[in-house]
Amino acid sequence: MIYNLELTLEEMQRQALLKGEMKGKMEVAKNLLRLGIELDKIAQATELSPEEIATLKKQLEQ
């Protein structure tokens, strides 16, 4: 029982870290978009997909 709880807590921590990393990458991508950096360069720098970056770009244009 305790082992399962430890695994669950570890997974929750891992998910929180991944979510934080993704949020950070998205903020960097937004800043690079504002600077006019090419989409493929942003994808390369942030490891976000071109689709994710295109979505961010559309959000910024609204």
Side-chain angles (χ1 to χ4, degrees):
M1 176 86 170
I2 292 176
Y3 177 73
N4 288 338
L5 180 59
E6 288 175 355
L7 288 178
T8 302
L9 290 173
E10 287 176 6
E11 180 61 20
M12 289 172 65
Q13 288 174 330
R14 190 179 71 77
Q15 290 295 325
L17 286 173
L18 290 175
K19 186 176 179 180
E21 286 178 20
M22 178 61 79
K23 186 176 179 179
K25 287 180 180 186
M26 294 181 92
E27 287 302 314
V28 169
K30 286 179 186 179
N31 289 334
L32 293 172
L33 285 167
R34 288 182 187 111
L35 292 172
I37 305 297
E38 298 172 16
L39 298 183
D40 63 325
K41 299 288 185 191
I42 297 172
Q44 187 178 16
T46 62
E47 298 178 347
L48 294 174
S49 71
E51 294 80 15
E52 291 169 316
I53 296 167
T55 300
L56 289 173
K57 184 176 180 180
K58 287 179 186 177
Q59 290 172 356
L60 290 174
E61 292 172 348
Q62 293 178 357

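Computed from heavy atoms alone, side chains included, the values below leave out hydrogens, waters and symmetry copies. One-based numbering along the sequence shown.
Gln59 is linked by a side-chain hydrogen bond (donor to acceptor under 3.5 Å, both in side chains) to nothing, counting only residues two or more places apart in sequence or in another chain. Judged as a side-chain contact (heavy atoms from CB on, under 4.5 Å), and not counting sequence neighbours, the contacts of Glu38 are Asp40, Lys41.
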Going through the distances and angles, do Thr46 and Met26 end up as a side-chain contact (heavy atoms from CB on, under 4.5 Å)? CA-CA 8 Å; Thr46 62; Met26 294 181 92; over 6 Å; no
Which is it for Lys19 and Met22 under the side-chain contact (heavy atoms from CB on, under 4.5 Å) test, yes or no, and what are the steps along the way? CA-CA 5 Å; Lys19 186 176 179 180; Met22 178 61 79; 5.8 Å; no
Go through the steps to decide whether Leu32 and Ile53 satisfy the test side-chain contact (heavy atoms from CB on, under 4.5 Å), and finish with yes or no. CA-CA 10 Å; Leu32 293 172; Ile53 296 167; over 6 Å; no
Please evaluate residues Leu39 and Leu33 with respect to the criterion side-chain contact (heavy atoms from CB on, under 4.5 Å), reporting the C-alpha separation (whole Å), side-chain torsions for both, the decisive distance (0.1 Å), and the verdict. CA-CA 8 Å; Leu39 298 183; Leu33 285 167; 3.4 Å; yes
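Connection of Met12 to Leu18 is not established within any shared hydrophobic cluster, with ILVMFWY side chains joined at heavy-atom distances below 4.5 Å, either directly or through further cluster members. Put simply, Leu48 and Leu35 are part of the same group of oily side chains (I, L, V, M, F, W, Y) that touch within less than 4.5 Å, one to the next.
Counting all heavy atoms, side chain and backbone alike, Leu60 lies closest to Lys30 at CD1-O, 3.8 Å.
Applying the salt bridge (charged side-chain N to carboxylate O under 4.0 Å, His left out) test to pairs two or more places apart or on separate chains, those with a residue in residues 47-62 are Lys25-Glu47.
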